[in-house]
Amino acid sequence: MSLRGLYAITDSALLADGKLLPYVEAALAGGARLVQYRDKSADPERRLEEAGQLRTLCEQYAAQLLINDDLELASRLNVGVHLGRDDGSLREARQQLGPHALVGATCHASLDYAEQAVVAGASYIAFGRFFQSATKPGAPTASTSLLQEARSRFAVPVVAIGGITLDNAQPLYDAGADLLAVVHGLFGVESATAVRRRALDFTALTP
Ligand SMILES: Cc1ncc(COP(=O)(O)OP(=O)(O)O)c(N)n1
Ligand SMILES: Cc1nc(C(=O)O)sc1CCOP(=O)(O)O
Ligand SMILES: [Mg+2]
């Protein structure tokens, strides 16, 4: 499966009140290739149930699910994991999940860290934030020239994240991003129908 296009990331506040499944299904119907379950709560039972439901949805749309931060949950569900710089060892994640699993790495704006992540077995390297982000306003910033450098240096897919909307996405693809990871710019709308429309529009931008 080629890793290109829209990478939908969930947010428990934005997708509260029963929105999680219909909104994610709408993103998948609009062409999202990856879904990341990003839930910062400490409710293991709900997390297991929701992540299991998302896995089923992703299977229906031939997309792939990753779990944010939680290698144990990813391992239990036999899906991928996304790890930030303080979220545990990429090498351990690769060993535990096996050679075919998706293991994603946050690199912020560091090509050196990206290099280490690739050596440790990362499936993709994520850079950001590129714009003001309502979800993570304090994340370090990154530039499109860094994306160009990453594209020419690394063979693994390059992910861009942080404040991405339909209006600012194109230069990120032009600079070499393979995947655009989006929370608010995708899910920050009033209906699943609107999510699907946005996902279709993001998907149409994929080079
Ligand atoms: C695709 C992607 N890129 C970056 C991040 C951020 O990860 P991290 O820095 O660990 O921050 P949290 O998401 O855990 O708050 C991500 N989740 N996904
Ligand atoms: C989770 C996350 N990580 C970032 C990073 O730069 O590493 S930016 C970010 C938030 C992405 O959400 P939105 O699309 O709403 O800005
Ligand atoms: Mg994290």
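Along the sequence shown, residues are numbered consecutively beginning with 1. Atom set for the values below is all heavy atoms of this structure, side chains included, hydrogens, waters and symmetry mates excluded.
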Check: Arg38 and Asp11 side chains under 4.5 Å, non-hydrogen atoms:
yes

Heavy atoms only: give me the nearest Ala181-Val159 pair and the separation to one decimal.
CB-CG1, 3.8 Å

Side chain Arg91, main chain Gly121, donor-acceptor under 3.5 Å
no

Is the shortest side-chain heavy-atom distance between Pro44 and Arg47 below 4.5 Å?
no

Just so I know, are the side chains of Asp178 and Tyr173 near enough to count as touching, which here means a heavy-atom distance under 4.5 Å?
no

Within the side chain of Asp87, is there an N or O that forms a donor-acceptor pair under 3.5 Å with the backbone of Gly84?
yes

CD1/Ile161 to CZ/Arg129 distance, rounded to the nearest 0.5 angstrom?
11.5 Å

Residues which pass salt bridge (charged side-chain N to carboxylate O under 4.0 Å, His left out) with Arg46, listed by chain and number, not counting sequence neighbours
Asp39, Asp43, Glu50

Honestly curious: do Leu83 and Tyr37 fall in one hydrophobic cluster under the side-chain, below-4.5 Å linking rule?
no

Validation row: Leu20, Leu54 side chains within 4.5 angstrom (heavy atoms)
yes

Spacing of CG belonging to Leu186 relative to CZ belonging to Phe202, to within rounding of 0.5 Å
6.5 Å

Should we say atom CD of Glu72 is surrounded by more than 12 heavy atoms from elsewhere, each under 6.0 Å from it?
no

Check the pair Leu205, Gln170 against side-chain contact (heavy atoms from CB on, under 4.5 Å), reporting the backbone distance first and the verdict last.
CA-CA 7 Å; Leu205 296 177; Gln170 186 63 55; 3.5 Å; yes

I'd like to know if Val195 and Leu200 are part of one continuous hydrophobic network [Ile/Leu/Val/Met/Phe/Trp/Tyr, side-chain heavy atoms within less than 4.5 Å].
no

Check His184 against Arg198 and note the closest heavy-atom contact, atom names and distance.
O-NH1, 3.6 Å

Answer yes or no: is there a donor N or O on one side and an acceptor on the other, between the side chain of Arg55 and the main chain of Leu77, under 3.5 Å?
yes

To the closest 0.5 Å, what do you measure between OG1 (Thr165) and CZ (Phe131)?
7.0 Å

Under a single-linkage definition using a 4.5 Å side-chain heavy-atom cutoff for Ile, Leu, Val, Met, Phe, Trp and Tyr, are Val81 and Leu179 assigned to the same hydrophobic cluster?
no

What are the two closest heavy atoms between Ala32 and Ala8, and how far apart are they?
CB-CB, 4.2 Å

Say whether Ile164 and Val35 are linked into one hydrophobic cluster, either directly or through other cluster members, by side-chain heavy-atom distances under 4.5 angstrom.
yes

What distance do Leu34 atom CG and Ile9 atom CD1 have between them, rounded to the nearest 0.5 Å?
9.0 Å

Nearest heavy-atom contact between Leu102 and Leu97 is O-CD1, 4.5 Å

With sequence neighbours excluded, give me every side-chain hydrogen bond (donor to acceptor under 3.5 Å, both in side chains) pair touching residues 111-122.
Glu115-Arg153

Would you say Thr206's side chain and Thr203's backbone share a donor-acceptor pair under 3.5 angstrom?
yes

Between Ala26 and Ala192, which heavy-atom pair has the shortest distance, and what is it?
CB-O, 3.2 Å

Give the cluster check for Ile125 versus Leu6: same hydrophobic cluster or not, with ILVMFWY residues linked at side-chain heavy-atom distances below 4.5 Å.
yes

Is Arg196 reaching over with its side chain to a backbone N or O of Gly30, donor-acceptor style, under 3.5 angstrom?
no

Distance, nearest 0.5 Å, that separates OH of Tyr61 from CZ of Arg33:
12.0 Å

Just so I know, are the side chains of Tyr124 and Val158 near enough to count as touching, which here means a heavy-atom distance under 4.5 Å?
no

So, are Lys40 and Asp69 salt-bridged, with charged N and O less than 4.0 Å apart?
yes

Tell me if a side-chain donor or acceptor on Arg151 pairs with a main-chain N or O of Phe154 at a distance below 3.5 Å.
yes

Rounded to the nearest 0.5 Å, how far does CD of Gln96 lie from CG of Leu71?
4.0 Å

Which atom names give the shortest non-hydrogen contact between Arg85 and His108, and what distance separates them?
CD-CD2, 3.8 Å

For the pair Arg197 and Thr193, evaluate side-chain contact (heavy atoms from CB on, under 4.5 Å) and give the outcome as yes or no after the intermediate values.
CA-CA 6 Å; Arg197 206 173 306 122; Thr193 304; 3.5 Å; yes

Using a 3.5 Å distance criterion without hydrogens, assess whether the side chain of Thr56 forms a donor-acceptor pair with backbone atoms of Gly52.
yes

Listed by chain and number, what are the side-chain hydrogen bond (donor to acceptor under 3.5 Å, both in side chains) partners of Tyr23, not counting sequence neighbours?
none

So, using side-chain contact (heavy atoms from CB on, under 4.5 Å) as the criterion, who are the partners of Arg94 when residues are at least two apart?
Ala101, Val103, Ser123

The criterion is salt bridge (charged side-chain N to carboxylate O under 4.0 Å, His left out); which residues satisfy it with Asp174, sequence neighbours excluded?
none

Would Val183 and Thr135 count as a side-chain contact (heavy atoms from CB on, under 4.5 Å) if you check the C-alpha gap in whole Å, the side-chain angles of each, and the deciding distance to 0.1 Å?
CA-CA 7 Å; Val183 182; Thr135 307; 3.7 Å; yes

Under 3.5 Å, side-chain donor or acceptor atoms of residues 143-150 against the rest of the protein: list the pairs with distances, not counting sequence neighbours.
residue	atom	partner	partner atom	Å
Ser143	OG	Ser145	OG	3.0
Ser143	OG	Leu146	N	3.3

Could you tell me whether the side chain of Phe127 reaches within less than 4.5 Å of the side chain of Leu111, counting heavy atoms only?
yes

Gln64 vs Cys58, side-chain contact (heavy atoms from CB on, under 4.5 Å): CA-CA, chis, key distance, verdict:
CA-CA 6 Å; Gln64 295 196 60; Cys58 286; over 6 Å; no

How about His82 and Thr106: does a side-chain donor come under 3.5 Å of a side-chain acceptor?
yes

